Structure formats: C-alpha cells, structure tokens
Amino acid sequence: MQRRDFLKKAGAGGIALGAGLAASGSASAKAEYKWKMVTTWPKNFPGLGTGANNLARLITEMSGGRIHVKVYGAKELVPAFEVFDAVSRGTAEMGHGASYYWKGKVPAAQFFAAMPFGMNAQEFNGWIYHGGGQALWDEVYAPFGVMGMPGGNTGVQMGGWFNKEINSLADMKGLKMRIPGLGGEVLKRLGGTPVNLPGGELYTALTSGTIDATEWVGPYNDLAFGLYKAAKYYYYPGFHEPGTCLEAIVNRKAYEALPKDLQSIVINAAKVANQDMLAEFTARNPGALKQLVDDHGADLRRYPDDVVAQMRKVSAEVVADVAKQDALSKKVYDAYSNFLTSSRVFTDISELAYLKARDE
Ligand code: CA
C-alpha cells in the first residue's frame with residue numbers, strides 16, 4: 001500500500017511538473033464541475049475582490065478540485081451590474097457582489113446588504129444563520145432561480161471624506177456627496193445632493209470639486225484608493241453601512257446538480273469566506289487608519305450629535321419607505337425590524353455596555 005501510494009504521489013507530481021501546469025490548471029483539468037464566478041468587483045480589488053477569490057479558492061481546495069471555480073472581475077465576462085442576471089440565466093454558476101445592487105429588480109434584496117442605522121455584522125449574521133433571515137433571502141431570490149448567502153462583510157464603514165467641515169445640520173444642506181443607495185436618500189432628505197459614481201471616478205470628482213464629499217468603505221480600502229489626497233476631513237461613523245454584507249449567489253440548478261457533499265462545501269465555504277472577510281477588515285483597518293492620520297494628515301472627525309440624531313430619525317423613515325414598495329419588501333422589513341428590536345436589547349447590555357466600559 002505504502003509503495004503504491006508513493007508511486008501514485010510521484011506519478012501525480014510528475015504529471016504536474018511534466019505538463020508545466022500551474023496548480024489551478026491541473027485542478028481545472030480534473031474537475032468534475034467547472035464553475036464560473038462573476039463578480040461586481042475589479043479583479044483582485046483589496047478586501048472585496050480578494051474575498052471573492054478566497055471563496056473560489058476555498059471551494060476548489062475543500063472539494064479536492066472536484067469543483068473548480070474560476071473568478072471573473074467586473075467586465076471580464078459580464079459588467080458589474082449584470083452579475084445577478086448572469087447567474088440567474090446560468091451564464092455563470094456563481095456570483096459575488098452586494099444585494100443592494102439589485103434593488104431596481106428586487107426592492108426587498110436591499111435588506112440583505114445594509115440598512116442605515118440597521119444591524120451590525122454580528123447581528124446580521126445572527127439573523128441570517130439563526131433568526132430566519134436565510135429563509136426570507138431564499139424566498140426573495142427564488143423567482144430568479146438564484147440562491148443568496150453571506151459571502152463577506154465589511155463591518156461598520158466610515159462616514160467618508162469631506163472637503164467641507166460638518167459642524168451642524170446646516171452644513172449638510174447643498175452638500176454634493178457620492179453616497180449610493182438608502183444613505184443617499186437620507187442625505188437628500190437632509191437637504192444634500194447624493195451622487196452615484198463608480199469607485200474609479202471618486203478621486204477626480206473630489207479634486208475637481210464636482211463633489212464635496214464621498215463615502216467608500218473604510219480605512220483599508222480608502223487608503224488604497226488615495227482618497228486622503230483629495231479631501232481633508234475623514235468623518236465617522238458610517239451610519240449608512242453599519243455592517244455591509246457582500247453576497248455569494250449560486251444558480252439553483254447548478255447547485256442541485258451537485259452531490260450532497262459538494263453542496264455542503266459550497267454552503268460552508270461561503271460561511272468561512274463571510275467570517276474571514278470581516279476578520280481581514282478588523283485586522284487591517286486600524287493600521288490603515290493610523291497611516292491615514294499619522295502619515296497623510298487625515299483630519300478625523302465624528303459627525304456632530306445633532307447631525308447624527310437627524311440622520312437616525314430620517315433613516316428610520318427611509319427604511320420604512322422601502323417596505324411600502326411591495327408585499328415582499330414589507331415582509332422582510334418586518335422580520336428585519338423585529339430581529340433588530342429584540343436583539344439590540346441584549347446588544348446594549350453586552351457588546352455596547354462592554355465597549356463603553358472598556359473605553360472609560
Ligand atoms: Ca460604502
């Protein structure tokens with residue numbers, strides 16, 4: 001047995017070397033299932049794109065190469081905002097993005113990414129995995145033949161980069177800020193002008209004065225983008241994205257064609273990728289923040305209390321308005337709100353009380 005194992009190993013090594021293939025090439029060659037993963041991120045984009053790579057690598061490794069997942073950056077196979085459709089029609093078996101990108105098609109999808117003043121990452125994962133959230137996500141995506149699940153989380157984001165000081169609510173009036181989604185709607189109701197621009201245009205828009213401010217993600221990603229060179233004030237907290245979930249989506253037919261062990265690997269690899277991305281942001285944000293402040297002179301500011309209070313009030317109205325769009329949005333809104341209302345009772349006397357106590 002030992003000799004046969006040795007020969008087998010030597011033989012496999014010999015083939016790999018002789019063929020001059022990269023490891024991924026040989027894994028692909030023997031794969032029983034070759035899956036494509038389309039993503040909304042630029043290829044290898046720090047944190048988000050690398051998170052998608054991590055998920056693909058986990059599935060490939062955990063399955064011993066029986067599933068080989070090849071990752072495509074935005075525009076490589078389909079444009080960023082066509083990822084959902086591509087997975088729905090089976091052009092790709094998997095996707096990685098964020099569910100709020102599909103709000104035009106499915107308004108209820110937004111609850112599975114981020115809500116202004118909504119759940120943080122810990123609460124959101126509790127809701128999805130153990131609080132009924134996953135069943136609702138399945139229901140929302142079922143008409144499209146797509147399964148959605150957490151595939152990463154940024155944690156609490158930053159408020160953003162500003163070329164103007166925000167000292168009171170009056171300073172929000174007329175503010176031109178790149179802030180997409182529901183956060184943008186909140187800004188609008190505070191008298192500002194939300195602008196939606198792709199990440200690659202933020203730097204130029206800020207330096208040219210086309211916008212006064214922009215949000216992006218947090219220190220790790222913002223440092224990589226060089227936003228500190230285009231704006232001085234770095235505001236917190238990112239009330240509009242308090243724990244943004246990045247989603248992994250899977251074509252249901254492709255999933256159902258897998259044997260049970262491989263199905264389990266896909267589901268559990270996504271769980272690992274979800275947790276690992278949050279851990280990476282947790283590890284990298286503090287060092288990046290230190291660099292931004294100490295080396296690049298970022299002026300770190302907290303939003304004034306009256307601005308935060310008004311943002312909180314208006315956010316509740318904006319989120320409640322999503323529920324009015326259709327019956328399914330109302331159903332998910334009710335479930336989301338009920339989970340948040342009940343979970344925060346404990347969050348307040350555990351995480352929040354502890355973090356306050358630690359800071360005293
Ligand atoms: Ca953001």
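Since the structure is predicted, the reported quantities are computational estimates derived from the model, not experimental observations. Every number for a ligand or one of its atoms is a count from 1 in the order of the listing.
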Checklist entry - Quick one: side-chain hydrogen bond (donor to acceptor under 3.5 Å, both in side chains) partners of Lys253, sequence neighbours excluded? => result none
Item to check | In the protein, N/O/S atoms that are found under 3.0 Å from the Ca ion (ligand 1), waters not counted | outcome: Gln157 OE1, Glu215 OE1, Glu215 OE2, Trp216 O, Glu241 OE2
Checklist entry - Do Tyr255 and Trp35 have ring centroids that are under 6.0 Å from one another? => result no
Report all side-chain donor-acceptor pairs from residues 289-297 shorter than 3.5 Å, counting only partners two or more places apart or in another chain.
| from | atom 1 | to | atom 2 | distance (Å) |
| --- | --- | --- | --- | --- |
| Lys290 | NZ | Asp294 | OD2 | 2.9 |

Checklist entry - Is the closest basic N to carboxylate O distance between Lys356 and Glu360 below 4.0 Å? => result no
Item to check | Carboxylate-amine/guanidinium proximity below 4.0 Å for Arg178 and Glu201 | outcome: no
Per-pair distances, 0.1 Å, donor-acceptor, side chain in residues 89-97, under 3.5 Å, sequence neighbours excluded:
| from | atom 1 | to | atom 2 | distance (Å) |
| --- | --- | --- | --- | --- |
| Arg89 | NE | Thr91 | OG1 | 2.8 |
| Glu93 | OE1 | Lys36 | N | 2.8 |
| His96 | ND1 | Trp41 | NE1 | 2.9 |
| His96 | NE2 | Gly151 | O | 3.0 |

